[in-house]
Amino acid sequence: MLRSTIRGREAELAFLLLVVGAGAMGLYIGLTTPASQWEPLGAGAFPTVLGGLTLGLALVKAAGLLAAPADESGKGPGGALWRIAAAFGLIVLYVAALVFQLFHFVVATGFFCFAFFALLALEKRPMRLIGMAVVSVLLAIAVFGIFTRFFFLNL
Amino acid sequence: MVEAFQHVFTNGLLWVLIGTASGIFIGSIPGLSGAMIISLALPMTYFMDGPDALLLLVSMYIGATTGGLISATLMRMPGTESAIMTTLDGYPMAARGEPGRALGLGILASFVGGTLAWIVLALLSPPLSKIAVRFGPYEIFAMTVVALSLIAAVSRGSLVSGLLSAAFGALVSLPGVDPVSGELRMTFGWHALDNGLTLLPVILGALVLSQLLEDSGDPTPITRDRTPSRAGGVSIRGRDLLAYAWSFVRSGLTGTWIGILPGVGGTTASIAAYSLEKAVSKHPERFGEGAEEGIIAAETANNAGTVGSLVPLITLGIPGSVITAVLLGAMVIHNLNPGPLLFAHNPEIAYTVIGGALASNVAMLVIMLLATPLLARLMYVNKAWLLPPIVVFCVIGAFSVSNRYFDVGVMVAFAAIGFLMNRARIPTGPFIIAYVLTPMAEESLRSGLVLYGGSFLPLLTRPAPALFLGIAAVSVGAALWGEVRSRRQGQLS
């Protein structure tokens, strides 16, 4: 029963969980914020109202999901999910490499671009792969040069 | 005004040309949107003057709307959402061997639509701003409520989905310094959150990276065998202006009016104008078979809607669409005080936007006529070559907000959230617009309460707030009624 309700609606349920969490947090913070001494509404009013509204709307949405047939819900646009997951994983790794300064910006960006090009193009021909590597390195160097020299970013 | 126009047509002209050309470039590639390029360009504008930054971004907006007509005409694949109605008659005309004629009509219609809407923008904005300058906090609050309710009511998906998206966007805008009392709120003792979740990383994540993730699932290029013919021989005929004069005027005014309404946008404008043109036509059976009036209606209205959406932005500081929300963000970033006081305090900015819209419209006409055959080839670009650099620019853009990688992390988190919303069929438009408008709504409501001694009553007794809230109630009520009726019809069938 539960499995058939969830099937095909994973994205909607995940989003509902997210907004319920955000709504509950807003409501809790709003209610625990001390009242203002000098204005009718304090800093807690909007979090309370918006948290409550979000929870109420999430409840209506959940009820609608339970009532509707589960056939097409949550499928969303086409596209290979494994490639989307891999692309997101690559982006997370790239950002982590920059945040924790595991590599210099040029190295991290060069590797990331090459891996992303290869993932998206699914290329196996060696000459094409070499071409992608060259483009990736040139792109990383050009971007680093432009943004550090002309835009004074501390990359 | 004269100074602003002088700047637009002298020093600012380079930004207009760059913005229009890059907007057309991105708009002509199916899957890449105007919101994407404007969000990506926003961090670059940190290093520019406010007027030049706005010239660049407004020109991108106008260019991207027009660029979508190329793939819509040649491949029945709209480059941008607002070009969807162009596919109905543009493609059949191209398929029967007249691609140059179809593109020429579309370009002429885009130019006429943009020009008609520009006349309305130039004539309506100054007097509207004089009314808006008298608005107090309750009027501003009621205006944001009507904008949000209209956006939620007409957005893709159900009313509940639109409202849920807006409520979530409003919640996301709350962490950081409280706009009235100045105390910290929802930061959980985390100092990185003291300034809240900044606009650019949220927009780059929810709009650009989430779409990029979707595109990475299928980045294969379009094959050439799907196009009916090459886009050679693009030209416009002056006599079409006279022959279809009423079609241009009807569609231009429809598009402009719909563009001014918050949340409705270019897509609805072109649908409404197309339907109107078909309804008044003596030969409605020709629509969908390559009718000239069909192309004219769709393209005149979507460009008119784009320019029309600038009216509430510069007079009231209310964004009518996701892109105008980003433009509003750009004004905030450049300390240009968007809102009813923009005309009073920074008239040169308002007139720069007005002049920029005109200059970009002319630039669009020239670039499209000269470069359409070349731009038509962009449809075959393999996105595998475009997506990695876009990610790198997103990372740099988010980082450049305040030189810290925390904002890059925020962007990645909102990329995942935006992707989830797309998959769950929750519209992202209300989320972005609520995120941008909520601080203004909160500040104005709480200031109003202080001003009126804690009474909500003036919201109903003062004419403007009562009118705005009435419109909000009617729009939500109408959307709710429409949903109930369609469900009943669904159950009956």
Side-chain angles (χ1 to χ4, degrees), chain A residues 11-12 14-16 18-19 22-23 25-26 29 33 36 38-47 50-51 53-54 57-58 60-61 64 73-81 83-84 87-88 91-92 94-95 98-99 109 112-113 116-117 119-121 135-136 139-140 143 147 151 153-155, chain B residues 44 46-47 158 160-161 163-164 167-168 170-172 174 178 180-181 183 185-186 209 212-219 382-385 387-389 391-393 395-396 399-400 403 405-406 408-409 411-412 415-417 419-426 438 441-442 445-446 449-450 453-454:
Chain A
E12 279 157 307
F15 180 72
L16 274 181
L18 177 76
V19 291
M25 198 168 64
I29 289 174
T33 302
S36 174
W38 59 275
E39 59 155 336
L41 292 181
F46 261 64
L50 289 173
L53 182 69
T54 307
L57 287 167
V60 175
K61 183 79 186 163
S73 305
K75 275 191 178 171
L81 260 181
R83 194 146 52 176
I84 294 170
F88 186 67
I91 293 171
V92 171
Y94 173 49
V95 170
L98 293 176
V99 171
T109 303
F112 166 75
C113 286
F116 211 24
F117 279 137
L119 171 75
L120 297 179
V135 170
S136 305
L139 179 74
V143 166
F147 283 95
F151 294 103
L153 288 182
N154 183 22
L155 290 169
Chain B
M44 318 279 178
Y46 289 166
F47 308 94
S158 70
V160 175
S161 299
L163 289 173
L164 188 59
F168 182 49
L171 265 178
V172 166
L174 294 179
D178 174 38
V180 177
S181 67
E183 59 191 283
R185 177 174 71 180
M186 293 175 83
L209 268 190
L212 185 141
L213 284 174
E214 207 59 80
D215 287 345
S216 66
D218 183 20
N382 188 341
K383 279 192 228 159
W385 291 99
L387 301 187
V391 177
V392 174
F393 284 119
V395 167
I396 293 172
F399 177 79
S400 67
N403 267 317
Y405 280 110
F406 170 78
V408 182
M411 178 187 72
V412 173
I417 291 171
F419 177 76
L420 198 61
M421 289 174 80
N422 284 338
R423 290 272 156 166
R425 296 175 189 173
I426 304 287
T438 301
E442 182 177 13
L445 178 68
R446 286 167 63 186
L449 279 169
V450 172

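In this text, all values refer to a predicted model and were calculated from it rather than measured experimentally. The figures here come from the full heavy-atom set of this structure, side chains too, leaving out hydrogens, waters and symmetry mates.
Counting heavy-atom pairs under 4.5 Å between each of B/Val391, B/Thr438, B/Val172 and chain A puts B/Val391 at the top. For the set B/Met411, B/Glu442, B/Met186, the count of heavy-atom pairs under 4.5 angstrom toward chain A peaks at B/Glu442. Most heavy-atom pairs under 4.5 Å with chain A, from the set B/Leu209, B/Leu171, B/Leu449, B/Asp178: that is B/Leu171. Your options are B/Leu445, B/Leu212, B/Leu420, and the one with the most heavy-atom pairs under 4.5 Å with chain A is B/Leu420. For chain B, the option among A/Pro47, A/Ala45, A/Ala22 with the highest count of heavy-atom pairs below 4.5 Å is A/Pro47. With chain A as the partner, the residue from B/Pro388, B/Ala415, B/Ser181 showing the most heavy-atom pairs under 4.5 Å is B/Pro388. Each of B/Asn403, B/Val412, B/Ile396, B/Val450 has some count of heavy-atom pairs under 4.5 Å with chain A, and the biggest count is that of B/Ile396.
Formation of a donor-acceptor pair under 3.5 Å by the B/Arg185 side chain with backbone atoms of A/Ala43 is found in this model.
The structure places CD1 of A/Ile84 at 9.0 Å from CG of B/Asp215, a figure rounded to the nearest 0.5 Å. Here the CZ atom belonging to A/Phe117 is positioned 5.5 Å from the CH2 atom belonging to B/Trp385, to the nearest 0.5 angstrom. One finds the CD1 atom of B/Ile426 at 6.5 Å from the CD atom of A/Glu12 (value rounded to the nearest 0.5 Å).
Residue A/Leu16 comes nearest to A/Ala58 through the heavy atom pair CD2-O, 3.7 Å, listed as atom of the first residue, atom of the second, then distance. Closest approach of B/Val395 and B/Val408 over heavy atoms only: O-CG2, 3.7 Å.
Using a 4.5 Å cut-off between heavy atoms, A/Leu139 touches chain B through its side chain atoms alone. Only the side chain of B/Phe393 comes within contact range of chain A, with at least one heavy atom under 4.5 Å from a heavy atom of that chain. Using a 4.5 Å cut-off between heavy atoms, B/Leu174 contacts chain A through its side chain alone, with no backbone atom that close. Contact of A/Thr54 with chain B is made through backbone and side chain together, with heavy-atom distances under 4.5 Å. In this structure, chain A has a heavy atom under 4.5 Å from the side chain of B/Glu183, while its backbone stays farther away. Using a 4.5 Å cut-off between heavy atoms, A/Val95 contacts chain B through its side chain alone, with no backbone atom that close. Proximity to chain A (any heavy atom under 4.5 Å) is shown, for B/Met44, by both the backbone and the side chain. Of the two parts of A/Ile29, only the side chain, counted from C-beta on, holds a non-hydrogen atom closer than 4.5 Å to a non-hydrogen atom of chain B.
The salt bridge (charged side-chain N to carboxylate O under 4.0 Å, His left out) search around A/Glu39 returns B/Arg446, not counting sequence neighbours. Under the side-chain contact (heavy atoms from CB on, under 4.5 Å) criterion, A/Ala87 pairs with A/Phe116, A/Leu119, B/Leu213, B/Ser216, not counting sequence neighbours.
Using a 30° and 60° split on the angle between ring planes, B/Phe168 and A/Phe15 fall in the perpendicular class, above 60°.
Using a 4.0 Å cut-off between charged nitrogen and carboxylate oxygen, B/Glu214 and A/Arg83 do not count as a salt-bridge pair.
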